[in-house]
**Student:** 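Handing you a structure now.
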2 protein chains.
Amino acid sequence: MNILFCSAGRRAELLKDFRNSLPCGSRIIATDMSPYAPALYFADSHYLVPSIREEGYLERIVAICRQERVDAITTLIDPEIEVLAQNRKMFEDLGITVLAPYAETAALCFDKFQLFRHLRACGIATADTYGSYEDAVEAIRNGTLELPVFVKPRTGSGSVGARRVYDLDTLRQACEEDPSLIIQELMDCVDMDADVYIDTITHEPVSMFTKRKLETKIGGASKTVSFKDPAAVEFVRNAMKHFSFNGPIDVDLFYKNGQYYLSEINPRFGGAYLHAYGAGVDFVKLIEKNVRGIANEPCFGNYEENVVMMMYDSVVIQKIAPSEG
Amino acid sequence: MNILFCSAGRRAELLKDFRNSLPCGSRIIATDMSPYAPALYFADSHYLVPSIREEGYLERIVAICRQERVDAITTLIDPEIEVLAQNRKMFEDLGITVLAPYAETAALCFDKFQLFRHLRACGIATADTYGSYEDAVEAIRNGTLELPVFVKPRTGSGSVGARRVYDLDTLRQACEEDPSLIIQELMDCVDMDADVYIDTITHEPVSMFTKRKLETKIGGASKTVSFKDPAAVEFVRNAMKHFSFNGPIDVDLFYKNGQYYLSEINPRFGGAYLHAYGAGVDFVKLIEKNVRGIANEPCFGNYEENVVMMMYDSVVIQKIAPSEG
């Protein structure tokens, strides 16, 4: 199986996991717009490509797919998910499995306020969310929302710009500076996270790894511990019925007073999927079977509890001529 | 050779480099106060110890040194450097090489304002620095300092709290909130960095790796590129005459209008020493020779230019019972 990782960036360790699990003869291809993207140097071939916003980007990716006989394509950055989703048919016509959600779901996950509305409409527990300063103030005045609140950019990645706000003045100022901010009730509780694999043939969740966040840095969880709870599996499986995912996703959860709440969905490999893989929950093998046209049977809870993942900095060293930089 | 890394934290990759370069039969021992310190799990033995501020800390370290027949000791966090420096004689009496500066130099490096005064007194180029809001304002009024300025905590680590300040109001507020802030002229230029090894027998610098910072995150440089410049070697070697280091250090430099300036010195393995090692500048072998009582010959420029280091997140997975956490 040949797989293309678009916008591979810093996800070198994920590519190593693929290398480790893919059958002999498989090839890993990676692209990025920067020669300083460490993951490039863990692929069998890598290509420097234009920015995803530039004209000709998609043509370049398609050319790479043809040249490398790519069987499956995915992306490791949020803004590119919709690009793949909107061009699904073109890739499928080339015989390529697109590991990205269907277009409507991709749009929902990218806009966190739309996601909130969808979750509410489907009856899935989530934090109260407001799309404007005025709506938040009204909710605070009539007692349905309390200070401090939590604000974050509507379409942000990582945890950039996400923060607590303690008073109305600061809230007004923050919303004036960035009118795209959404305002949420503060969920002062344990942050959880589920790595989920949605089979590309049955479109059902077939594998899940749940973990509690012990430490979070900009960009994601840096220390996590595995747990098992049938209620978490049930909650996520039920939520999945209301979306059209395809392949690996990362679901952020809150757990408060015995209840799970859905916070966000990153419809791609999550940064801490490395934990799931290291604990034996191998999505690579599931992808490989799907690409061969075989559906995966659902299998949950196939890992141990109290397995801790700790991130640290590793490096790749590469001679790069200044002209390439 | 048996080496003890105190407060090993996230420095897993450094321990791997040691494993790779140390002769057969050597042992790596690591301590930390948290079982969630990933580097612990790359040592041959690891120990959970109290905080360095707690009573009994030093006794515990000494007991580990005896039990593990430690030949060399170092620390990977700044606040512990003075602890090792002040107890040098006790360790040396046990036959242990202390890879940390002598006490006076350790104190100088920890307090960045004292370091500035020392550099000035020794005639070593450095950025203009002021120890109080009043002194900075006076300098601005009489035209020797310009806004924006750069402020940072006097004894900070990583780049936490270091930032540009654009106006006097903000500067006053910042200095009121943290009276330990120091105020510097803004060096709008290329940030460089030198990994230097000071021989523990001759007390001369014997190896150096210089790199330009391409990208910096909280805690240090995440992308760097090697360069060679005899003027940089000369500048750092000259500066070293005015300090008493012992072992590996990390020197932050500015380069502006053809002149090097010394910014800060971390008298321990720098976070980006991984670059030097990956490019072939092996301090482990130098340490090992020193511990065997052999002085190292000076050797500079023994690496290639345009070698790029790119950091990425790696993980270690470990079952840890909740009772240990």
Side-chain angles (χ1 to χ4, degrees), chain A residues 8-17 32 34-42 76 211-212 214-215 217-227 271-281 303-325, chain B residues 8-17 32 34-42 209 211-212 214-215 217-227 271-281 303-325:
Chain A
R10 288 167 48 95
R11 307 293 293 277
E13 203 65 29
L14 179 66
L15 268 65
K16 286 198 225 173
D17 290 347
D32 205 279
S34 165
Y36 301 122
L40 290 178
Y41 305 99
F42 294 85
L76 298 175
K211 53 194 188 284
R212 197 157 41 85
L214 297 174
E215 180 187 282
K217 303 213 164 174
I218 296 258
S222 53
K223 287 177 186 166
T224 48
V225 56
S226 65
F227 73 93
Y273 166 73
L274 304 173
H275 189 179
Y277 183 84
V281 178
Y303 59 88
E304 282 189 81
E305 294 200 279
N306 297 321
V307 174
V308 175
M309 176 205 74
M310 294 158 267
M311 275 192 184
Y312 64 89
D313 293 322
S314 191
V315 298
V316 56
I317 311 280
Q318 187 78 20
K319 184 145 185 174
I320 301 178
S323 60
E324 297 173 58
Chain B
R10 288 166 50 94
R11 305 295 292 278
E13 204 66 28
L14 178 65
L15 269 65
K16 286 197 224 173
D17 290 348
D32 206 278
S34 164
Y36 301 123
L40 290 178
Y41 305 99
F42 293 84
F209 180 80
K211 52 194 190 284
R212 197 158 41 83
L214 297 173
E215 180 187 281
K217 303 213 164 174
I218 296 256
S222 52
K223 288 177 186 166
T224 49
V225 56
S226 64
F227 73 93
Y273 166 73
L274 304 173
H275 188 179
Y277 183 85
V281 179
Y303 58 89
E304 283 189 82
E305 293 200 281
N306 298 320
V307 174
V308 175
M309 177 206 72
M310 295 158 266
M311 274 192 185
Y312 64 88
D313 293 321
S314 191
V315 297
V316 56
I317 311 278
Q318 188 76 20
K319 185 144 185 175
I320 300 179
S323 60
E324 298 174 59

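Below, chains carry the letters A, B, ... as their sequence lines are ordered, and counting in each starts from 1. Quick caveat: nothing in here was measured; it's all calculated off a predicted structure.
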**Student:** What's the shortest heavy-atom distance between B:Val307 and B:Ala279, and which atoms?
**Tutor:**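 Smallest interatomic distance, heavy atoms only, reads CG1-CB, 4.3 Å.
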**Student:** Does the side-chain contact (heavy atoms from CB on, under 4.5 Å) test come out yes or no for B:Leu15 and A:Tyr312, once each step is laid out?
**Tutor:** CA-CA 12 Å; B:Leu15 269 65; A:Tyr312 64 89; over 6 Å; no
**Student:** Is chain B contacted by the side chain of A:Ala37, its backbone, both, or neither, given a heavy-atom distance below 4.5 Å?
**Tutor:**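 Backbone only.
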**Student:** Donor-acceptor pair, A:Asn306 side chain versus B:Ala321 backbone, under 3.5 Å?
**Tutor:**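 Answer holds: no.
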**Student:** If we ignore hydrogens and angles and just use 3.5 Å, is the side chain of A:Arg11 paired with the main-chain N or O of A:Ala39 as donor and acceptor?
**Tutor:**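 Answer holds: no.
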**Student:** Which of the residues A:Met309, A:Met311, A:Glu215, A:Glu305 is involved in the greatest number of heavy-atom pairs with chain B at under 4.5 angstrom?
**Tutor:**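 Top count of heavy-atom pairs under 4.5 Å with chain B: A:Met311.
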**Student:** Let's test your reading of the structure: which of B:Leu274, B:Leu214, B:Asp313, B:Val225 forms the most heavy-atom pairs below 4.5 Å with chain A?
**Tutor:**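 Maximum pair count with chain A is reached by B:Asp313.
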**Student:** Measuring heavy-atom distances to chain B, does A:Leu14 have an atom under 4.5 Å in its side chain, in its backbone, in both, or in neither?
**Tutor:**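 Contact with chain B involves no heavy atom of A:Leu14 at all.
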**Student:** Only pairs of heavy atoms separated by less than 4.5 Å count here; which of B:Pro38, B:Gly271, B:Ser226 has the most with chain A?
**Tutor:**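 Most heavy-atom pairs within the cutoff with chain A belong to B:Pro38.
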**Student:** At a heavy-atom separation under 4.5 Å, does A:Glu304 approach chain B through its side chain, its backbone, both, or neither?
**Tutor:**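 Just the side chain, heavy atoms under 4.5 Å.
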**Student:** Report yes or no: does B:Tyr277 contribute a side-chain atom to a donor-acceptor pair with the main-chain N or O of B:Asp17 at less than 3.5 Å?
**Tutor:**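 Confirmed, B:Tyr277 side chain pairs with B:Asp17 backbone.
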**Student:** Is it true that a side-chain atom of A:Lys223 and a backbone atom of B:Tyr36 form a donor plus acceptor pair closer than 3.5 Å?
**Tutor:**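 Between the backbone of B:Tyr36 and the side chain of A:Lys223 there is a qualifying donor-acceptor contact (under 3.5 Å).
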**Student:** Please rank B:Gln318, B:His275, B:Met310 by heavy-atom pairs under 4.5 Å with chain A and give me the top one.
**Tutor:**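 Sorted descending by pairs with chain A, the first entry is B:Met310.
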